[in-house]
K.L.:
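Below are the structure tokens for one structure; questions will follow.
Computed from a predicted model, the values in this text were never measured in an experiment. If you read the sequence from its start, that first residue is 1, and numbering goes on from there.
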Amino acid sequence: MLKKTVEVALNDQLNSEFYSAYLYMSMAGYFEHLSLPGFSNWMKVQYQEENSHTMKFFRYINERGGKVVLKGVNAPPSSWKSPLNAFEETLKHEEEVTENINELLDIAMKEKDHATTNFLQWYIKEQVEEEANVSNIIAKLKMIQGSNESLFLLDKDLAQRVFVDTTMGGTP
């Protein structure tokens, strides 16, 4: 059974994951508007990942006898200064998510909730990957600034990304 403090914190993160999905779908729309379907695809895959992260929290809360509490989702921005700016904002967002996951882990450890501590280890690892992937794209965008041809090639590269649900199977 989840302690109330852990249940509330898990629900807060579950709802934050919904916002993340919403943000990435907005970015997908932004890139579609710019005629960058590969960039849009990358964000759509990110949207799918965030939804799978949400469902992982959903299953875990229920498995531990907690109650899922959904809240409203704030509207994300709908435009950015440039593709580089959109990815810089993505990195900033992922760093905030990492901070939230770390705070959630601190709560679980304080409550001596070893099951939740174990559950959150998957997210700790996932956030390292998320930040590294986005940082890599930012580095490429900085290298190609001003080159439409290179932007086109990066767009083709980002179009290759596919969603692989690594959260299936319930909790780790």
Side-chain angles (χ1 to χ4, degrees), residues 1-29 39-77 80 85-141 158 160-172:
M1 184 63 117
L2 288 173
K3 291 186 180 176
K4 196 64 178 171
T5 54
V6 175
E7 181 180 336
V8 168
L10 288 169
N11 270 297
D12 286 346
Q13 188 59 41
L14 178 147
N15 283 280
S16 291
E17 297 290 338
F18 273 127
Y19 176 78
S20 294
Y22 209 38
L23 173 64
Y24 294 132
M25 186 54 72
S26 182
M27 288 180 167
F39 281 79
S40 180
N41 174 70
W42 196 95
M43 289 298 177
K44 287 175 187 173
V45 170
Q46 199 64 21
Y47 163 84
Q48 290 175 296
E49 280 193 9
E50 298 305 331
N51 278 331
S52 71
H53 297 170
T54 302
M55 291 310 299
K56 187 174 178 83
F57 276 105
F58 183 92
R59 286 189 304 268
Y60 182 77
I61 292 166
N62 283 305
E63 287 172 357
R64 293 290 311 281
K67 180 180 179 188
V68 171
V69 178
L70 300 181
K71 300 175 185 175
V73 179
N74 293 329
W80 290 265
N85 177 246
F87 274 91
E88 288 171 336
E89 289 299 313
T90 298
L91 180 59
K92 180 179 171 187
H93 178 74
E94 288 300 334
E95 290 169 344
E96 290 170 3
V97 171
T98 298
E99 186 176 315
N100 293 342
I101 296 292
N102 288 337
E103 289 173 8
L104 184 51
L105 181 60
D106 290 343
I107 292 168
M109 290 170 65
K110 180 181 176 195
E111 294 291 347
K112 297 182 181 179
D113 184 340
H114 302 293
T116 299
T117 298
N118 183 56
F119 169 76
L120 292 170
Q121 294 306 313
W122 183 89
Y123 286 94
I124 299 292
K125 182 177 181 243
E126 176 70 7
Q127 284 309 117
V128 169
E129 292 173 13
E130 296 280 6
E131 289 182 26
N133 289 338
V134 175
S135 292
N136 185 32
I137 294 169
I138 289 171
K140 289 176 182 176
L141 284 166
L158 296 179
Q160 302 306 309
R161 185 178 189 208
V162 295
F163 174 65
V164 177
D165 191 350
T166 59
T167 68
M168 293 307 295
T171 58

K.L.:
Considering all heavy atoms of both residues, which atom of E131 and which atom of L91 are nearest to each other, and what is their separation?
P.N.:
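In this case the closest contact between E131 and L91 is O-CD1, 3.9 Å.
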
K.L.:
Spell out, as yes or no, whether a donor-acceptor pair under 3.5 Å connects the side chain of E49 to the backbone of F163.
P.N.:
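Pair absent, no side-chain N/O of E49 close to backbone of F163.
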
K.L.:
Any donor and acceptor pair, going by atom type alone, linking the side chain of N41 with main-chain N or O of L158 inside 3.5 Å?
P.N.:
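At least one qualifying donor-acceptor pair exists.
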
K.L.:
Assess whether atom NZ of K71 is packed by more than 12 heavy atoms of other residues, nucleotides or ligands within 6.0 Å.
P.N.:
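Counting other residues, nucleotides and ligands, NZ of K71 exceeds 12 neighbours.
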
K.L.:
For S135 and A132, indicate whether the former's side chain and the latter's backbone hold a donor-acceptor pair under 3.5 Å.
P.N.:
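No, because the side chain of S135 does not come within donor-acceptor range (under 3.5 Å) of the backbone of A132.
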
K.L.:
Given side chains that start at C-beta, do those of N15 and V69 come closer than 4.5 Å, heavy atoms only?
P.N.:
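They are not in side-chain contact.
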
K.L.:
So which atom in G65 and which in M1 form the shortest heavy-atom distance, rounded to 0.1 Å?
P.N.:
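Minimum heavy-atom contact is O-SD, 3.5 Å.
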
K.L.:
For the CD1 atom of I137 and the NZ atom of K140, what is their distance to the nearest 0.5 Å?
P.N.:
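One finds 7.0 Å between CD1 of I137 and NZ of K140.
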
K.L.:
E96 and side-chain contact (heavy atoms from CB on, under 4.5 Å): which single residue from E99, H93, E94 fits?
P.N.:
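So, applying the side-chain contact (heavy atoms from CB on, under 4.5 Å) to E96 and each of E99, H93, E94, only H93 qualifies.
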
K.L.:
Tell me if a side-chain donor or acceptor on N62 pairs with a main-chain N or O of F58 at a distance below 3.5 Å.
P.N.:
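Present.
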
K.L.:
With sequence neighbours left out, what residues match N102 under side-chain contact (heavy atoms from CB on, under 4.5 Å)?
P.N.:
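By the side-chain contact (heavy atoms from CB on, under 4.5 Å) rule, N102 matches T98, I124.
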
K.L.:
Roughly how far apart are L104 CG and F119 CZ, rounded to 0.5 Å?
P.N.:
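Going from the CG atom of L104 to the CZ atom of F119 covers 8.5 Å.
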
K.L.:
Is there a side-chain contact between V162 and V45 (heavy atoms, below 4.5 Å)?
P.N.:
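No; the side chains remain at least 4.5 Å from each other.
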
K.L.:
Identify the heavy atoms of D113 and T116 that sit nearest to each other, and give their distance.
P.N.:
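That closest heavy-atom pairing would be OD2-OG1, 2.8 Å.
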
K.L.:
Using atom types as modelled and distance alone, determine if a side-chain donor or acceptor of D165 lies under 3.5 Å from a backbone N or O of Q48.
P.N.:
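No; zero donor-acceptor contacts below 3.5 Å.
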
K.L.:
Between K92 and E88, does any NZ, NE, NH1 or NH2 come within less than 4.0 Å of an OD or OE carboxylate oxygen?
P.N.:
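Looking at K92 together with E88, the answer is no, because their closest N to O distance does not fall below 4.0 Å.
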
K.L.:
Sequence neighbours excluded, which residues qualify as side chain to side chain donor-acceptor pair (under 3.5 Å) partners of Q13?
P.N.:
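For Q13 the side chain to side chain donor-acceptor pair (under 3.5 Å) partners, ignoring immediate neighbours, are E17.
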
K.L.:
Do the side chain of Y123 and the main chain of H53 share a donor and acceptor less than 3.5 angstrom apart?
P.N.:
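Checking the backbone N and O of H53 against the side chain of Y123, a donor-acceptor pair under 3.5 Å is found.
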
K.L.:
Ring centres of F87 and W42 under 6.0 Å apart?
P.N.:
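Yes; W42 has its ring centre under 6.0 Å from that of F87.
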
K.L.:
For Y47, give me all partners under side-chain contact (heavy atoms from CB on, under 4.5 Å), at least two apart in sequence or on another chain.
P.N.:
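A21, Y24, M25, N51.
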
K.L.:
Tell me, do E103 and I107 make a side-chain contact under 4.5 Å, heavy atoms counted?
P.N.:
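Result no, sub-4.5 Å side-chain heavy-atom pair not found.
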
K.L.:
First locate atom CD of E130, then atom CD1 of I101, and finally report the distance between them rounded to the nearest 0.5 Å.
P.N.:
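Output value for this atom pair is 10.5 Å.
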
K.L.:
Return the CZ to CG distance between F18 and N74, rounded to the nearest 0.5 Å.
P.N.:
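Between F18 CZ and N74 CG, I get 14.0 Å after rounding to 0.5 Å.
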
K.L.:
State plainly whether the residues E126 and K56 are in salt-bridge range, i.e. N to O under 4.0 Å.
P.N.:
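Looking at E126 and K56, the cut-off is not met.
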
K.L.:
Which distance, rounded to the nearest 0.5 Å, do you find between the OG1 of T54 and the CD of E50?
P.N.:
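Output value for this atom pair is 7.0 Å.
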
K.L.:
Residues two or more places apart in sequence or in another chain: which of them pass side-chain contact (heavy atoms from CB on, under 4.5 Å) with S26?
P.N.:
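side-chain contact (heavy atoms from CB on, under 4.5 Å) check on S26 returns P76, S78, W80.
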
K.L.:
Using side-chain contact (heavy atoms from CB on, under 4.5 Å) as the criterion, list what pairs up with S40, not counting sequence neighbours.
P.N.:
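S40: side-chain contact (heavy atoms from CB on, under 4.5 Å) contacts with A28, F31, E32, K44.
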
K.L.:
Can you tell me how far OG of S16 sits from CG of N11, rounded to the nearest 0.5 angstrom?
P.N.:
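Answer for the CG-OG pair, N11 versus S16, is 10.5 Å.
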
K.L.:
Which heavy atom of T90 sits nearest a heavy atom of M43, and at what distance?
P.N.:
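Heavy-atom minimum between the residues: OG1-CE, 3.5 Å.
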
K.L.:
Name every donor-acceptor pair, under 3.5 Å, that has one atom in a side chain of residues 2-9 and the other anywhere in the protein, sequence neighbours excluded.
P.N.:
{"from": "K3", "atom 1": "NZ", "to": "E111", "atom 2": "O", "distance (Å)": "3.2"}
{"from": "K3", "atom 1": "NZ", "to": "E111", "atom 2": "OE1", "distance (Å)": "3.4"}
{"from": "T5", "atom 1": "OG1", "to": "E111", "atom 2": "OE2", "distance (Å)": "2.8"}
{"from": "E7", "atom 1": "OE2", "to": "K67", "atom 2": "N", "distance (Å)": "3.1"}

